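Only heavy atoms go into these numbers, but all of them, side chains included; no hydrogens, no water, no symmetry mates. A quick note: this is a predicted structure, and the numbers were derived from the prediction, not measured.
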Amino acid sequence: MFLKKLIKNGLVTVHYYENESLQTCKGRVYNLNLHEQTLSLRDEKQNIFLIRLSGVEDIY
């Protein structure tokens, strides 16, 4: 699955929708929970962002 390959890669940028507005987050994959359909990213300031996979627009 391509989502599991994200864990092995370095920095990723995710464009996602939260509260009907497009957000951007750049960081490393901290956790990928397929059961809850969430992706957690940790940015360079060590902040953790929880992103629902259903809201993801683009990952690169």
Side-chain angles (χ1 to χ4, degrees):
M1 180 183 270
F2 74 93
L3 290 174
K4 289 185 180 180
K5 291 182 182 180
L6 288 175
I7 296 171
K8 296 179 183 177
N9 292 342
L11 229 51
V12 294
T13 301
V14 179
H15 295 288
Y16 63 98
Y17 284 98
E18 184 177 353
N19 298 328
E20 300 181 10
S21 65
L22 188 63
Q23 305 288 324
T24 301
C25 184
K26 185 175 183 180
R28 296 186 187 278
V29 176
Y30 178 72
N31 188 22
L32 176 62
N33 188 330
L34 296 178
H35 180 67
E36 294 182 7
Q37 300 284 307
T38 58
L39 173 68
S40 300
L41 291 182
R42 179 180 281 174
D43 67 2
E44 61 268 353
K45 296 179 184 177
Q46 303 300 316
N47 296 324
I48 297 176
F49 297 92
L50 184 68
I51 302 168
R52 301 211 41 88
L53 293 177
S54 62
V56 173
E57 179 73 20
D58 193 19
I59 299 176
Y60 55 94

Contact between T38 and I51 at the side-chain level, heavy atoms closer than 4.5 Å - yes or no? no
Does [X] have any side chain to side chain contact (heavy atoms under 4.5 Å, CB included) partners at least two apart in sequence or in another chain, and if so, which?
X   : result
N19 : none
S54 : R52
Q23 : Y16, E18, S21

Grouping ILVMFWY residues whenever side-chain heavy atoms fall under 4.5 Å, the cluster of Y30 otherwise contains I48
Members besides L50 in its Ile/Leu/Val/Met/Phe/Trp/Tyr cluster (side-chain heavy atoms under 4.5 Å): none
Dump the intermediate steps for side chain to side chain contact (heavy atoms under 4.5 Å, CB included) on T24 and V14, then the final yes or no. CA-CA 6 Å; T24 301; V14 179; over 6 Å; no
For the [atom1] atom of [X] and the [atom2] atom of [Y], what is their distance to the nearest 0.5 Å?
X   : Y   : atom1 : atom2 : answer
I59 : T13 : CD1   : OG1   : 10.0 Å
R42 : L11 : CZ    : CG    : 13.0 Å
L39 : N31 : CG    : CG    : 8.5 Å

Same cluster for L53 and Y17 if Ile/Leu/Val/Met/Phe/Trp/Tyr side chains link at under 4.5 Å? no
Pairs meeting criterion ring-ring contact (aromatic ring centres under 6.0 Å, His included) with involvement of residues 40-60, two or more places apart: H15-Y60
